[in-house]
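Following: one structure in structure tokens, then a few remarks.
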Protein chains: 2
Amino acid sequence: MKNQTTKDRPQRILDTALLLFYNSGYFNTSVHDIQHAADVSIGSIYHHFGNKQGIARALYHHLADQMTEAVFQIMAENAGLYRQGRAFLDYLFAMAETAPAAMHYILCARHQEFMPGEKSICSSKPFERIQQRIRQAMDQGEIRKLDPAIASAALFGGAIRLIHLRLDGVLDRPLSDCAAETWQCAWRCVALQ
Amino acid sequence: MKNQTTKDRPQRILDTALLLFYNSGYFNTSVHDIQHAADVSIGSIYHHFGNKQGIARALYHHLADQMTEAVFQIMAENAGLYRQGRAFLDYLFAMAETAPAAMHYILCARHQEFMPGEKSICSSKPFERIQQRIRQAMDQGEIRKLDPAIASAALFGGAIRLIHLRLDGVLDRPLSDCAAETWQCAWRCVALQ
DNA sequence: GTCTATATTTAGATAGAC
DNA sequence: GTCTATCTAAATATAGAC
């Protein structure tokens, strides 16, 4: 009767929820909304995810893992913080354009409000890894010695800000057009000379 | 019977709501919560603000106006973008420490989710004014010529990122300790040399 | 302007057949 | 695993006395 599975139901539920969360926010999206938009029964949702928070958590871990993997791959495939940082920025900007709902959920959503106890994404694996790399680059004399938190914020704060503006509809230019100049600006913050 | 007014009720309602929004978020705060914490009747709240959104909007305009005033004052009292920017950063950092709930509401809350149609704070007067000033500084040769949006993000993205981290409990150092280094980093992005 | 009591709606969640 | 029908709690908002 219901929509036959091109994708399995749990995945379809997650995809639908992510889209609705992006368009309306977590709290403005009811389980009934998800059920309806995903063309799935409400029983199915509760069977797979337990409760509404369960959807949010599954989504969060899925996307955070994805980003962690991307970060480690970028570290492995690029040499030097300058190129690694640029590759990461390109990854973030590209994802914000091609998968805005996912990027918004990772970077803009107020996780603590609907997933109490969940670690902030900023203090989780991918961002930890980057800060660790920044520290290393300082020790190796690749960049200036700065407070690591300030250095991280300086290097990626501008990019993250632009992503926020873009996803909130304030910036109407595709982020890819901003990548080079943004990274040039950011690198000056930490460059040795 | 109820708490006698040291402050007038509307103000007490707003103060209480702001605090609760900060601690739990807008959607996790019910009108009953506000009513109870402010020691005011629910009828009083609806009399003054019409509905829950009305509280949020009053709060928003009040705080945005406050920030607009501060920005214009900073512009008037300081000469040159370097000093003006530093003064603005100091203002933001100080406010994040002394009035975290207000700062959080202005910079971190997802306004569009609970005040549909309201202009984003980032495209409202105070931030408009700053971007205008940045443009002017480019024309006058005080800083490099860059895309204005990128320049704004570069100059204040790091600071705003640190505020987010601080208010989300990720950063445990007072922001005032970070001001000098943060601004030094930021200025390098746009400095002529 | 302020209050209490109440109405209305809708959300999250469960039960139990298939 | 999936479905429909239903329950329950809680939230927003209103009515109307004082």
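To find a chain, count down the sequence lines: A is the first, B the second, and so on, and within it residues start at 1.
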Problem - Spacing of B/Arg12 atom CZ relative to C/dG1 atom P, expressed in whole Å - result: 14 Å
Completion exercise
Taken to the nearest whole Å, CD/B/Gln35 to C1'/D/dA13 is 13 Å
Practice task
By nearest nucleotide on DNA chain C, pick out whichever of A/Thr29 and B/Pro10 is the more 5' one.
Solution key: B/Pro10
Problem - d(CD1, B/Ile45; C1', D/dT12) in whole Å - result: 12 Å
Exercise for the section: Would you mind reading off the distance between A/His36 atom NE2 and D/dC3 atom P, rounded to a whole angstrom? Expected result: 13 Å
Exercise for the section: Could you pull out all residues at least two apart from A/Glu181 that satisfy side chain to side chain donor-acceptor pair (under 3.5 Å)? Expected result: none
Completion exercise
Separation of C/dA11 atom C1' from A/Ile34 atom CD1, nearest Å, is 12 Å
Fill in the blank from the handout: Contacts of B/Ala179 meeting side-chain contact (heavy atoms from CB on, under 4.5 Å) (sequence neighbours excluded), chain-then-number -> B/Arg86, B/Leu89, B/Asp90, B/Phe93
Handout entry: N or O in side chain of A/Arg9 less than 4.0 angstrom from D/dT2 OP1/OP2
Key = yes
Would you tabulate the side-chain donor-acceptor contacts of residues 142-150 of chain B under 3.5 Å, counting partners in other chains and residues two or more places apart, or write 'none'?
residue: B/Glu142; atom: OE1; partner: B/Arg133; partner atom: NH2; Å: 3.4
residue: B/Glu142; atom: OE2; partner: B/Leu81; partner atom: N; Å: 2.7
residue: B/Arg144; atom: NE; partner: B/Cys189; partner atom: O; Å: 3.3
residue: B/Arg144; atom: NH1; partner: A/Gln184; partner atom: OE1; Å: 3.3
residue: B/Arg144; atom: NH2; partner: A/Gln184; partner atom: OE1; Å: 3.4
residue: B/Arg144; atom: NH2; partner: B/Cys189; partner atom: O; Å: 2.8
residue: B/Lys145; atom: NZ; partner: B/Met138; partner atom: O; Å: 3.2
residue: B/Asp147; atom: OD1; partner: A/Arg173; partner atom: NH2; Å: 3.4
residue: B/Asp147; atom: OD1; partner: B/Ala149; partner atom: N; Å: 2.9
residue: B/Asp147; atom: OD1; partner: B/Ile150; partner atom: N; Å: 3.1
residue: B/Asp147; atom: OD2; partner: A/Arg173; partner atom: NH2; Å: 2.6

Handout entry: For atom CG of A/Asn28 and atom P of D/dA11, their distance in whole Å
Key = 16 Å
Write out a two-atom table: protein N or O, nucleotide N or O from nucleotides 15-18 of chain C, distance below 3.5 Å.
none

Handout entry: Check: B/Phe156 ring centroid to B/Trp183 ring centroid under 6.0 Å
Key = yes
Can you give me every donor-acceptor pair (side chain of residues 121-129 of chain A, partner residue at least two apart or in another chain, under 3.5 Å) with its distance?
residue: A/Ser123; atom: OG; partner: A/Ser120; partner atom: O; Å: 3.2
residue: A/Ser124; atom: OG; partner: A/Ile121; partner atom: O; Å: 2.7

Exercise for the section: Check side-chain contact (heavy atoms from CB on, under 4.5 Å) between A/Gln73 and all other residues, then give those that pass, not counting sequence neighbours. Expected result: A/Glu77
Practice task
Please list residues of residues 46-59 of chain B whose heavy atoms come under 4.0 Å from any atom in DNA chain D, ordered by number; otherwise none.
Solution key: B/Tyr46, B/Asn51, B/Lys52
Nucleotide N/O to protein N/O under 3.5 Å, stretch nucleotides 6-10 of chain C:
none

Kindly list each side-chain donor-acceptor pair under 3.5 angstrom involving residues 16-27 of chain A, sequence neighbours excluded, with atom names and distances?
residue: A/Thr16; atom: OG1; partner: A/Arg12; partner atom: O; Å: 2.7
residue: A/Asn23; atom: ND2; partner: A/Leu19; partner atom: O; Å: 3.3

Exercise for the section: State, without any angle test, whether A/Glu118 and A/His61 hold a side-chain donor-acceptor pair at a distance under 3.5 Å. Expected result: yes
Exercise for the section: Verify the contact: side-chain N or O of A/Ser41 to OP1 or OP2 of D/dT2, cut-off strictly under 4.0 Å; return yes or no. Expected result: no
Handout entry: Interatomic distance, A/Phe27 CZ vs D/dT12 C1' [rounded to whole Å]
Key = 16 Å
Completion exercise
For A/His32, the side-chain contact (heavy atoms from CB on, under 4.5 Å) test, sequence neighbours excluded, returns A/Ser30, A/Gln35, A/Ile42
Handout entry: Any residue meeting side chain to side chain donor-acceptor pair (under 3.5 Å) with B/His111, in chain and number order, not counting sequence neighbours
Key = none
Exercise for the section: Check salt bridge (charged side-chain N to carboxylate O under 4.0 Å, His left out) between A/Arg188 and all other residues, then give those that pass, not counting sequence neighbours. Expected result: none
